Amino acid sequence: MRVGSLIAIVIYALIALVSLDRIGAIQVFPNAVAVVAMWVIVAYFALGIAMNAMSKSASERAVMVPLTIVLTVLSLLIALGFGEMAIAA
């Protein structure tokens with residue numbers, strides 16, 4: 001496995017943990033850390049939109065730009081506080 005792939009796996013695992021923490025599904029991080037981390041994730045995905053849009057590959061632009069836009073919007077909604085767990089106790 002390449003080092004870059006391993007780093008990507010770790011980043012996406014952290015994104016999943018932070019997102020689940022922010023919606024209240026799990027409690028892993030202190031609230032202040034999770035709030036700031038979620039905004040960092042929003043910025044990461046927003047930067048990804050620009051980076052994918054600059055790709056020389058037309059197929060990468062066609063697939064990854066819309067996907068990254070969806071990820072950015074969803075992470076923004078979580079960062080804004082939407083997505084609280086709606087599970088009956």
Side-chain angles (χ1 to χ4, degrees):
M1 180 179 287
R2 295 185 354 221
V3 173
S5 298
L6 184 60
I7 292 170
I9 290 169
V10 170
I11 289 171
Y12 288 124
L14 285 172
I15 289 170
L17 282 174
V18 170
S19 299
L20 289 169
D21 190 304
R22 283 293 296 137
I23 66 168
I26 59 175
Q27 179 63 45
V28 177
F29 306 104
N31 191 50
V33 171
V35 168
V36 171
M38 197 67 226
W39 283 107
V40 170
I41 291 167
V42 172
Y44 174 80
F45 285 137
L47 178 62
I49 295 169
M51 299 304 289
N52 286 314
M54 291 189 293
S55 173
K56 292 179 183 179
S57 167
S59 59
E60 182 176 350
R61 285 191 311 269
V63 173
M64 295 306 294
V65 170
L67 176 66
T68 311
I69 289 170
V70 169
L71 289 170
T72 303
V73 169
L74 293 173
S75 62
L76 176 63
L77 291 172
I78 293 171
L80 292 171
F82 294 96
E84 291 292 323
M85 292 297 290
I87 297 174

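What you see is a predicted model, and the numbers here were worked out from it, not measured in a lab.
- Taken together through direct or relayed side-chain contacts under 4.5 Å among Ile, Leu, Val, Met, Phe, Trp and Tyr, Ile7 and Leu71 form part of one hydrophobic cluster.
- Cluster membership check: Ile69 does not share its hydrophobic cluster with Leu67, using side-chain heavy-atom separations under 4.5 Å among Ile, Leu, Val, Met, Phe, Trp and Tyr.
- Residues that satisfy the side-chain contact (heavy atoms from CB on, under 4.5 Å) test with Val35, not counting sequence neighbours, are Arg22, Asn31, Trp39.
- Atom CG of residue Asn52 and atom CZ of residue Arg61 lie 10.5 Å apart, to the nearest 0.5 angstrom.
- Atoms CZ and CG, on Phe45 and Leu74 in that order, are 9.0 Å from each other to the nearest 0.5 Å.
- Using modelled atom types, one finds a donor on one side chain and an acceptor on the other under 3.5 Å when comparing Ser57 with Ser59.
- Taken together through direct or relayed side-chain contacts under 4.5 Å among Ile, Leu, Val, Met, Phe, Trp and Tyr, Val18 and Val40 form parts of separate hydrophobic clusters.
- The two residues Ile41 and Ser75 make their nearest non-hydrogen contact at CG2-CB, 4.1 Å.
- Ile11 and Val3 fall within a single hydrophobic cluster, where Ile, Leu, Val, Met, Phe, Trp and Tyr are joined by side-chain heavy atoms under 4.5 Å apart, directly or via other members.
- A donor-acceptor pair under 3.5 Å is formed between the side chain of Asp21 and the backbone N or O of Val28.
- Remark: Ala46 pairs with Thr72 by the side-chain contact (heavy atoms from CB on, under 4.5 Å) rule, at least two apart or across chains.
- A continuous path of ILVMFWY side-chain contacts below 4.5 Å connects Phe29 to Tyr12, so both sit in one hydrophobic cluster.
- For Ser19, the side-chain contact (heavy atoms from CB on, under 4.5 Å) partners two or more places apart in sequence, or in a different chain, are Ile15, Met38, Ile78.
- The two residues Ala79 and Val42 come nearest to each other via the heavy atoms CB-CG2, 3.9 Å.
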